Amino acid sequence: MIREITLGQYYPADSVLHRLDPRVKLFGTLLYVISLFLFQSFTGYIVATVFLASLIAISHVPVKFMFRGLKAIFILLIFTAVLNMFLTPGRELVSFWKITITIEGLRFAAFMILRLTYLITGSSIMTLTTTPSNLTDGLEKSMRWMNILKVPVHEIAMMMSIALTFIPVLLEETDRIIKAQQARGADFESGNLIHRIRALVPILVPLFVSAFRRANDLALAMESRCYRGGEGRTKMRPLRYERRDIIAYLVLALYIACIITVGILF
Amino acid sequence: MNLISARKLIFEYVRRDKNGDVDGFSRAIDEVDLEISRGDFVAILGPNGSGKSTLAKHLNSLLFPTEGTVFVDGWDTTDAEKIWDIRKSVGMVFQNPENQMIGTIVEEDVAFGPENMGIEPENIKERVKESLTMVEMYDHRKTSPSKLSGGQKQRVAIAGVLAMHPKCIVLDEPTAMLDPVGREEVIRAIRGLNDVENITIILITHNMEEAVFADKIYVMNEGHIVMSGTPKEVFSRVDELRENRLNVPEVTLLAHELAKAGLNIPPGILTRKELCNCLCRS
Amino acid sequence: MSILVNHLDHIYNPGTVFEVKALSDVSFSVDEGEYIGLVGHTGSGKSTLAAHLNGLMKPTGGGIYYNGVDIASEGYNLKELRGHIGLVFQYPEHQLFEEDVFTDVCFGPKNLGLSRTEVEMRAYDALKAVGIDDDHFYVSPFDLSGGEKRRVAIAGVLAMKPEVLILDEPCAGLDPAGRDEILAVADELHDSLGITIILISHSMDDLARHVKRILVMNDGKLVMDGTAREVFSHREELEAMGLAVPEVTAVLADLKKAGIPVRDDLITVEEAAKEILRVFGR
């Protein structure tokens with residue numbers, strides 16, 4: 001069950017999207033997310049849908065993968081939708097007991113679901129087509145100006161990259177620990193809340209111990225491979241903009257132009 | 001001059017009681033002398049907790065002696081200015097392959113070392129290709145390490161060290177977590193590096209079968225070097241090895257039993273072939 | 001006590017591109033007091049099989065019957081089953097979590113809902129059975145040596161008083177003396193307490209010395225089931241699966257090939273030594 005979380009997982013394939021410079025993808029995702037909140041009409045979503053659908057089509061990633069990320073936030077999605085539905089004031093549609101559903105609420109809830117779905121799917125496209133290290137490279141390079149503000153950009157990027165590498169390892173470990181404690185009769189499914197929280201101790205303690213052991217091992221391995229921070233480090237594949245990246249920026253500009261036009265016209 | 005030489009090496013660590021107060025000092029390594037020449041294949045054997053891993057960490061400045069000295073290629077390992085040269089010269093491969101993978105793709109991981117050394121991109125690519133080819137993992141260069149078997153992961157780790165062009169590789173129980181197939185792969189790769197590339201190998205293990213291929217064996221226990229010699233010499237002292245919580249390969253044990261019963265078999269038989277030839281002649 | 005595994009199948013992700021047949025048509029039975037070895041290369045399905053026997057995974061086809069009852073049936077008490085069929089995972093010391101050794105071992109029996117006295121008595125017996133002394137009872141499990149931790153972890157399952165104990169590579173990562181200690185514990189549990197043991201191991205030498213019957217898994221199928229001697233007589237088939245026969249069996253086979261009239265169906269050093277001495281007239 002734990003392994004189903006795909007957010008931040010890379011899907012190896014050979015597509016234009018995979019080959020794009022991570023900076024383009026980061027910037028593009030940012031613009032796309034902002035665009036989702038710019039328009040208030042369904043027509044705007046048609047543009048976003050066309051954009052999203054064409055990205056999925058050229059990404060060579062099975063559609064199923066895209067939507068797997070949604071499963072994890074399904075509850076959140078429903079929750080937000082319901083809240084919006086009931087709490088938005090406006091023309092009354094249905095009313096029973098103390099609850100009133102308004103037309104505006106319904107409309108707002110629909111927007112919310114669409115926005116969140118598009119947001120998650122859009123960012124999934126980025127993570128699915130970009131290796132974690134590429135992603136952090138991109139972040140590191142586009143955030144470099146923050147060095148002036150004494151923000152340790154390289155360190156943060158390195159931390160992110162390590163975290164991303166170790167997430168699957170630790171998830172697998174968690175799975176193993178759960179099974180092993182179950183074999184000792186542990187019960188994670190019954191009892192009241194306090195009982196269930198206490199039942200987590202036999203999982204969390206070994207997990208922390210293991211995470212520290214791994215961290216220690218990794219630190220030693222990095223040190224013995226001459227790691228000493230970002231200074232003086234080179235890259236096997238330094239990021240360099242290619243023609244396709246310029247084209248991608250143009251496509252992005254076109255998308256934004258469409259969104260704004262739609263926003264003004266409708 | 002020898003590539004590595006340790007003289008009267010002592011390493012102590014602070015022991016603490018339950019409240020975290022200093023309780024005393026424990027000696028993990030006690031007056032160890034070690035000489036390793038270029039191109040050697042050295043095995044360091046010892047039971048769990050004998051200090052062999054601690055010793056290994058002294059060889060590339062991950063730990064520093066409490067007393068005594070360690071020289072690598074003429075450099076004192078405590079010399080802060082030479083620390084990166086030392087780490088470049090002596091590469092380390094650790095026990096758990098999962099915990100030493102830094103890249104999300106095989107070739108990225110192998111490139112990590114050279115990148116840290118500030119090598120030019122084109123040169124890094126060459127080194128990555130060459131190192132992965134040496135351990136027969138080039139075909140997997142685009143794979144995610146999590147999709148590899150234990151033996152493959154460990155070979156990638158070796159490639160990661162090779163890409164730094166070390167003079168010596170220290171392997172700290174590299175096969176302890178692997179199945180027999182993975183073990184075989186790793187040992188074959190290590191022997192290849194020693195035979196073909198003439199890289200000095202220091203293999204730390206408690207698997208007796210792996211030490212058979214070494215030029216020289218050191219046996220450690222409780223912080224001391226208690227035995228040393230060629231595999232033949234060391235493995236002929238069956239009882240002494242057992243006292244040190246070790247054992248001998250099964251074949252050596254069989255030969256030992258036969259010799260004890262009066263058959264004319266020389267001590268220190270290491271392989272099936274040797275034993276067979278020996279018995280066929282008598 | 002009896003376990004019947006009947007045409008057991010397990011398919012991961014059925015109906016998708018990721019479909020993997022982890023177990024396919026596995027059938028065998030285990031009787032009271034047996035000492036069984038389970039071998040197979042990594043990914044052959046032996047760990048999946050062990051998880052099924054413990055009710056941690058549900059079969060996608062076929063079934064497992066414990067004392068005649070299908071353990072996958074609706075409302076079957078799996079917790080109780082896990083008390084009867086104990087499973088010790090690889091590196092079980094990684095699951096230790098309590099403040100002291102004794103409390104940790106109490107975890108299993110406590111989960112069975114026993115009275116406090118019963119829980120403590122079982123923990124005491126279990127710790128004694130694996131050879132942990134009283135003065136270690138109240139230290140933190142994290143302060144023990146590797147071998148001790150492993151034994152405490154085994155005690156944690158043993159305290160549930162299982163009739164069957166499945167040990168998944170209990171010796172992994174231990175030095176030769178540590179391996180012998182763990183296997184001696186397994187022998188003791190079998191011989192004195194009459195516990196049925198299923199030992200998963202990669203070491204054919206260990207299996208030859210300890211178990212009576214061997215199950216061989218390959219690609220999710222049970223391909224051999226017989227006495228250790230029978231199984232090890234299929235050297236070529238085992239080698240084709242990436243497995244081996246005990247070293248001494250291989251020695252005897254080599255000798256036979258070289259024209260020395262020895263039996264080649266012996267599997268331990270003692271037997272082999274005796275046989276060679278017989279032929280050489282000593």
Side-chain angles (χ1 to χ4, degrees), chain A residues 3 8-14 18 22 127 130-137 140 154 157-173 176 210-240, chain B residues 53 56-57 59-63 83-105 107-129 142-147 157 160-164 166 169-170 172:
Chain A
R3 274 177 226 152
Q9 224 179 54
Y10 174 67
Y11 182 91
D14 195 23
H18 283 77
T127 51
T130 320
T131 65
S133 45
N134 229 326
L135 194 64
T136 44
D137 267 8
E140 187 178 345
H154 169 77
M158 186 50 111
M159 269 156 55
M160 274 186 56
S161 141
I162 289 171
L164 286 171
T165 334
F166 275 79
I167 285 171
V169 174
L170 287 175
L171 284 180
E172 213 168 281
E173 177 111 26
R176 208 160 37 222
S210 144
F212 278 113
R213 189 179 49 236
R214 287 180 191 278
N216 196 29
D217 282 4
L218 183 69
L220 278 179
M222 286 172 74
E223 259 192 80
S224 61
R225 279 161 82 180
C226 290
Y227 180 71
R228 53 189 134 166
E231 219 157 298
R233 245 188 137 235
T234 47
K235 285 270 160 200
M236 173 165 68
R237 297 212 162 76
L239 294 178
R240 217 174 296 133
Chain B
S53 291
K57 292 190 184 97
L59 305 183
N60 73 343
S61 296
L62 288 174
L63 287 177
I83 201 166
W84 305 109
D85 292 310
I86 290 168
R87 288 190 183 157
K88 236 184 282 174
S89 306
V90 181
M92 272 267 220
V93 175
F94 297 88
Q95 187 185 100
N96 189 338
E98 271 177 1
N99 296 356
Q100 47 188 322
M101 293 287 152
I102 293 139
T104 41
I105 280 183
E107 60 172 10
E108 280 174 8
D109 183 73
V110 177
F112 183 74
E115 284 178 347
N116 290 331
M117 289 157 61
I119 289 171
E120 289 307 307
E122 282 317 304
N123 195 344
I124 296 181
K125 275 180 211 158
E126 249 166 63
R127 285 180 178 218
V128 168
K129 182 175 177 188
K142 295 282 184 197
T143 318
S144 152
S146 61
K147 299 259 186 316
V161 166
L162 276 177
M164 296 164 66
I169 301 181
V170 181
D172 190 357

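Below, read A as the first sequence line, B as the second, and so on, with proteins coming before strands; counting in each chain starts at 1. The structure displayed is predicted, hence computed values, not measured ones.
Both the backbone and the side chain of A/Leu220 come within contact range of chain B, each with at least one heavy atom under 4.5 Å from a heavy atom of that chain. If you measure heavy-atom distances from B/Glu122 to chain A, you find no contacts under 4.5 Å at all. For B/Phe94, the part lying near chain A is the side chain, with the backbone staying farther off; criterion is any non-hydrogen pair under 4.5 Å. Heavy-atom distances place no part of B/Asp172 under 4.5 Å from chain A, backbone and side chain included. Interface remark: B/Val128 contributes side-chain atoms only to the contact with chain A (heavy atom separation under 4.5 Å). When heavy atoms are compared at a cutoff of 4.5 Å, A/Pro168 does not approach chain B at all. In this structure, chain A has a heavy atom under 4.5 Å from the side chain of B/Ile105, while its backbone stays farther away. Looking at A/Met222, both its backbone and its side chain come within 4.5 Å of chain B, counting heavy atoms on both sides. Heavy atoms of B/Val170 lying under 4.5 Å from chain A are absent altogether.
Proximity of A/Asn216 to B/Asn99: side-chain heavy atoms (C-beta onward) are nowhere separated by under 4.5 Å. Contact of the A/Arg228 side chain with the B/Arg87 side chain is not registered, since no non-hydrogen atoms from C-beta on lie closer than 4.5 Å. Side-chain contact between A/Asp217 and B/Gln100 is absent, with no heavy atoms from C-beta onward closer than 4.5 Å.
Nearest approach of B/Ile124 to B/Pro114, heavy atoms of both residues: CG1-CB, 4.0 Å.
When atom types are taken as modelled, the side chain of B/Asp109 and the backbone of B/Ile102 share a donor-acceptor pair closer than 3.5 angstrom. A distance-only check finds no donor-acceptor pair linking the side chain of A/Thr165 to the backbone of B/Thr104 [under 3.5 Å].
Your options are A/Gly229, A/Ser161, A/Ala221, A/Gly230, and the one with the most heavy-atom pairs under 4.5 Å with chain B is A/Ala221. Note on A/Lys235, A/Arg214, A/Arg213, A/Arg225: by heavy-atom pairs under 4.5 Å with chain B, the leading option is A/Arg225.
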